[in-house]
Amino acid sequence: MALESYGSFEELKSRLDEIVQAVNDKDLPLDQALSLYEEAVGLGLRASDLLEQGIDEASVQEALASEAPAGLADDSAQPAASAAGAHKEGQADGGAAQQGQAAVSA
């Protein structure tokens, strides 16, 4: 089985357990034991890749969650609506609308 086909730690651990049992057999020829050892090293590298992938995905999700908390979309519409309202009011009072728009832009 190709190493990439192991998509979870459970699958990797299951195969590693099989390898441990096979290597514990004193009648196992040395060339087969070496082959199993090489497979186990490859499985270890695949486990490391899965771990890094999981960390990367968790980091991305965490970053997205911290940048866009729930309800942000609703809150982001309020400054635009406030600026529009300030613009209408600012037409009557001179420059207040421009100051309100600058504050929203900043």
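Note: Arg15 CZ to Leu36 CG = 6.0 Å, rounded to the nearest 0.5 Å. Annotation: the span from Leu16 atom CG to Glu39 atom CD amounts to 8.0 Å, rounded to 0.5 Å. Interatomic distance, CG of Leu12 versus CZ of Arg46, reported as 7.0 Å (0.5 Å rounding). We find the CG-CD1 distance between Asn24 and Ile19 to be 12.0 Å, quoted to the nearest 0.5 Å. The structure places CD of Glu67 at 11.5 Å from CD of Glu62, a figure rounded to the nearest 0.5 Å.
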- Would you sort out whether Asp49 and Gln53 count as a side-chain contact (heavy atoms from CB on, under 4.5 Å), showing the intermediate values? CA-CA 6 Å; Asp49 289 344; Gln53 181 182 10; over 6 Å; no
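Hydrophobic clustering, with ILVMFWY side chains joined whenever heavy atoms are under 4.5 angstrom apart, groups Leu43 together with Leu51.
Between Gln32 and Pro29 there is a side-chain heavy-atom pair separated by less than 4.5 Å.
Here the side chain of Ser59 pairs a donor or acceptor atom with the backbone of Ile55 at under 3.5 angstrom.
Salt bridge absent: Lys13 and Glu10 never bring a charged side-chain N and a carboxylate O closer than 4.0 Å.
When all heavy atoms are compared, the tightest approach of Ala22 to Leu28 is O-CD2, 3.4 Å. In this structure, Phe9 and Leu50 approach most closely via the heavy-atom pair CZ-CB, 3.9 Å.
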